[in-house]
Amino acid sequence: MSKWYEVLTPEIKEFIAGQMMFFVATAPNAGRINLSPKGMDTFRILGDRRVIYLDITGSGNETASHLYENGRITIMFCSFDKSPRIVRLYGHGRTIHPRDEQWSEYLAMFPATPGLRQIMEIDIDSAMTSCGYAVPRLDHLTERDTLRKYWEKRGDTALDKYHRDMNERSIDGLPTRVFADDSPSAK
């Protein structure tokens, strides 16, 4: 029922392109495992072994701290329509900020998105497909615009304050590097 791949095949890429949401899982070396649902038009495939996604400001910044500590990440897509299927991408990632040289190139691949915090770049080690037979069917799955409206209303000053107040450290106290002074040499 499951099958492993070393690269993203055309079939896997097509499946991913048809999904409205995905899930991101990371974990620190010691501490809480993080699992986050993602949506909106925020995921791009760059090649057979590399993907990126926009990370919109939310309640925490766990993924960034975990990637900074050990790089491990799993992304899961599952079909909620009539064709059951799951795709997991296993890899190692890093966080791209406005101060990084790839920022402008990557950002140009997406529509303007308020509340943007960073871009996650993932090198794929392997991919796995599985059946998804137990995943329920959901009709009328539509994008929710609440987060977009939230940050459109508040603007960049509130966004920067939120990053400083809420996103500089993970819930386990690990640095997220959302600001350049989070580097180990600055400590």
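Nothing fancy with the numbering, it's 1 onward along the sequence. Since the model is a prediction, treat every value here as computed from it, not as a measurement.
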| Heavy atoms, side chains only, cut-off 4.5 Å: are V87 and L8 in contact? | no

| said: Are more than 12 heavy atoms, taken from residues, nucleotides or ligands other than E6, located less than 6.0 Å from that residue's CD atom? | reply: no

| said: Ignoring hydrogens, what is the shortest heavy-atom contact between F110 and I52? Give both atom names and the distance. | reply: CE1-CD1, 3.7 Å

| For N167, does its backbone N or O pair with a side-chain atom of T176 as donor and acceptor, under 3.5 Å? | yes

| field | Minimal non-hydrogen separation, K38 against Y53, with atom names | value | CE-CE1, 4.1 Å

| field | Intermediate values then yes/no, side-chain contact (heavy atoms from CB on, under 4.5 Å), D55 and T95 | value | CA-CA 9 Å; D55 186 53; T95 305; over 6 Å; no

| When you measure from the side chain of N70 to the backbone N and O of A27, does any donor-acceptor pair fall under 3.5 Å? | yes

| message | Please give me the minimum heavy-atom distance between V178 and H97, naming the atom from each residue. | response | CA-NE2, 3.6 Å

| remark: All heavy atoms of G91 vs all of D125, minimum pair found to be CA-OD2, 3.4 Å

| said: Would R154 pass as a cation-pi partner of Y150, given that its NZ or CZ must be under 6.0 Å from the six-membered ring centre and within 45 degrees of the axis? | reply: yes

| said: Do S130 and I86 have side chains that approach each other closer than 4.5 Å (heavy atoms only, starting at C-beta)? | reply: yes

| query | Any side-chain heavy-atom pair from C131 and R85 closer than 4.5 angstrom? | reply | no

| request: Please examine the side chains of L116 and L107, heavy atoms only from C-beta on, and report whether any two atoms are closer than 4.5 Å. | output: yes

| Is S36 reaching over with its side chain to a backbone N or O of V24, donor-acceptor style, under 3.5 angstrom? | no

| query | Side chain of S83, backbone of D81: donor and acceptor closer than 3.5 Å? | reply | no

| said: Please evaluate residues L89 and I122 with respect to the criterion side-chain contact (heavy atoms from CB on, under 4.5 Å), reporting the C-alpha separation (whole Å), side-chain torsions for both, the decisive distance (0.1 Å), and the verdict. | reply: CA-CA 9 Å; L89 309 179; I122 299 101; over 6 Å; no

| query | Are side-chain heavy atoms of W151 and T113 found at a separation under 4.5 Å? | reply | no

| R49 side chain vs D123 backbone, donor-acceptor pair below 3.5 Å | no

| message | Run H92 and R72 through side-chain contact (heavy atoms from CB on, under 4.5 Å) and show every step you take. | response | CA-CA 5 Å; H92 287 82; R72 298 175 304 154; 4.0 Å; yes

| remark: dist L147:CG -> T57:OG1 (nearest 0.5 Å) comes out at 7.5 Å

| Contact summary for F179 and D160, nearest pair of heavy atoms | CE2-OD1, 3.7 Å

| field | Partner of F22 under ring pair (Phe, Tyr, Trp, His ring centres under 6.0 Å), chosen from F80, F43, F15 | value | F43

| Presence of salt bridge, R148 and E143, under 4.0 angstrom | yes

| Test item: D172 side-chain N/O and A30 main-chain N/O as donor-acceptor pair under 3.5 Å | no

| query | Has D165 got more than 12 heavy atoms of other residues, nucleotides or ligands less than 6.0 Å from its CG? | reply | yes

| query | Does the side chain of D100 reach to within under 4.5 Å of the side chain of R94, using non-hydrogen atoms? | reply | no

| said: What I'd like to find out is whether the side chain of L46 reaches to under 4.5 Å of the side chain of M109, using heavy atoms alone. | reply: yes

| message | Taking the side chain as everything from C-beta on, heavy atoms only, tell me whether I33 gets closer than 4.5 Å to H66. | response | no

| Any idea which heavy atoms bring I73 and G93 closest together, and the distance? | CG2-N, 4.0 Å

